[in-house]
Visitor: 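Structure provided below as structure tokens; questions to follow.
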Amino acid sequence: SRGYLFGLAEPFTHVGSYFTFITSEQIDIKLGVVNGWDLLIDNNKDKTIIGRIGISLGDPLALGLSFSSGVEQENSANWRNSFDLTGITNAISGVGLNFQFNYGTETINDVDSKWYGFGLQPVIALSKNWSLGLRAEYFVDKEGARTGINDLNAFNLTFTPTLKLDPVTFRFEYRFDNSNKKIFIEKEKIATDKNSNTISLEVSCNF
């Protein structure tokens, strides 16, 4: 499954172009323009600027600082800004620790809105074929800019054992979600709840 930051705090899709400048083996820079966030047909004539600075120090640490800024509302001059810090460290043998922090702002209906979130995603190599992925993520949508729900605080925790038998990969996932608001649909009920439990299986094959 995907976390809250994927698709809420940052765009799921872009249409546009960007340039990549590789200044050294450790640093690369990306800069470009896109039509907007998650739009099949753009809702205005404004473009959104995207950019990223990547820093690679090898196994100890790799970082990426990216941003997206532009007008995303129809008939408005208000900008949506999203700043994202992502990284991975392999300092611990057999463990790839991914991390992310996001902060965003946008004025909606004359209300200055902000959101932020952070997450940790370690992937632990258990053997040649088995690994265990974990994710802990927290997301705050203070004025409801990204979800339409004011003062929303949400948390999710996942456990994902993975079995790789080339060319097939099996991923089993247990996911627990918790929120301070009743936003999760209960099984076979119309009512909502503050908690959610999900079990999933993914099978993929490489050709």
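Note that the structure is predicted; figures quoted are calculated from it, not measured.
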Visitor: Looking at K47, I want to see if its NZ is surrounded by more than 12 non-hydrogen atoms of other residues, nucleotides or ligands under 6.0 Å.
Guide: yes
Visitor: Pick from F155, Y4, F139, F184: which one makes a side-chain contact (heavy atoms from CB on, under 4.5 Å) with S179?
Guide: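 That would be F184.
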Visitor: Could you check whether atom CZ of F12 has more than 12 heavy atoms from other residues, nucleotides or ligands sitting under 6.0 Å from it?
Guide: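 12 or below, so no.
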Visitor: Who pairs with N197 by side chain to side chain contact (heavy atoms under 4.5 Å, CB included), at least two apart in sequence or on another chain?
Guide: Y174, F176
Visitor: If I take atom OG from residue S113 and atom CD1 from residue I108, how far apart are they, to the nearest 0.5 angstrom?
Guide: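 CD1 of I108 is found 4.5 Å from OG of S113.
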Visitor: Find the distance between CG (L5) and CH2 (W115) and round it off to the nearest 0.5 Å.
Guide: 11.5 Å
Visitor: To the nearest 0.5 Å, how far apart are NE2 in H14 and CG in L39?
Guide: 10.5 Å
Visitor: With sequence neighbours left out, write down each residue that passes side-chain hydrogen bond (donor to acceptor under 3.5 Å, both in side chains) with N81, or none if nothing qualifies.
Guide: S69, T105
Visitor: To the nearest 0.5 Å, how far apart are CD1 in I22 and CD1 in I27?
Guide: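 It is 12.0 Å, given to the nearest 0.5 Å.
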Visitor: How about K181: does its NZ atom have over 12 heavy atoms from other parts shown lying under 6.0 Å from it?
Guide: yes
Visitor: Would you give the length of the straight line joining atom CG of N109 to atom CD of Q73, rounded to the nearest 0.5 angstrom?
Guide: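 With rounding to 0.5 Å, CG (N109) is 7.5 Å from CD (Q73).
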Visitor: Does R52 form a salt bridge (Lys or Arg N to Asp or Glu O under 4.0 Å) with D28? I'd like the steps, not just the answer.
Guide: CA-CA 8 Å; R52 182 183 184 275; D28 65 270; 3.7 Å; yes
Visitor: When rounded to the nearest 0.5 angstrom, what is the spacing between CG in L120 and CG in N98?
Guide: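 It is 9.5 Å, given to the nearest 0.5 Å.
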Visitor: Answer yes or no: are there more than 12 heavy-atom neighbours, outside L201 itself, under 6.0 Å from its atom CG?
Guide: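 More than 12 heavy atoms, drawn from other residues, nucleotides or ligands, come within 6.0 Å of this atom.
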Visitor: If only atom types and distance count, is the side chain of E72 paired as donor or acceptor with the main-chain N or O of W37 below 3.5 Å?
Guide: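 The answer is yes, because a donor-acceptor pair under 3.5 Å joins these two groups.
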Visitor: Taking N180 for its side chain and L152 for its backbone only, find out whether a donor-acceptor pair lies under 3.5 Å.
Guide: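 Between the backbone of L152 and the side chain of N180 there is no qualifying donor-acceptor contact (under 3.5 Å).
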Visitor: Can you check whether F118 and Y138 have ring centres sitting under 6.0 Å from each other?
Guide: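 Distance test on ring centres: under 6.0 Å, yes.
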Visitor: Are there more than 12 heavy atoms of other residues, nucleotides or ligands under 6.0 Å from atom CD1 of I199?
Guide: no
Visitor: Which pair of heavy atoms, one from R175 and one from S1, lies closest together, and at what distance?
Guide: NH1-OG, 2.9 Å
Visitor: Return yes when atom CD1 of I92 has more than 12 non-hydrogen atoms of other residues, nucleotides or ligands closer than 6.0 Å, and no otherwise.
Guide: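 12 or below, so no.
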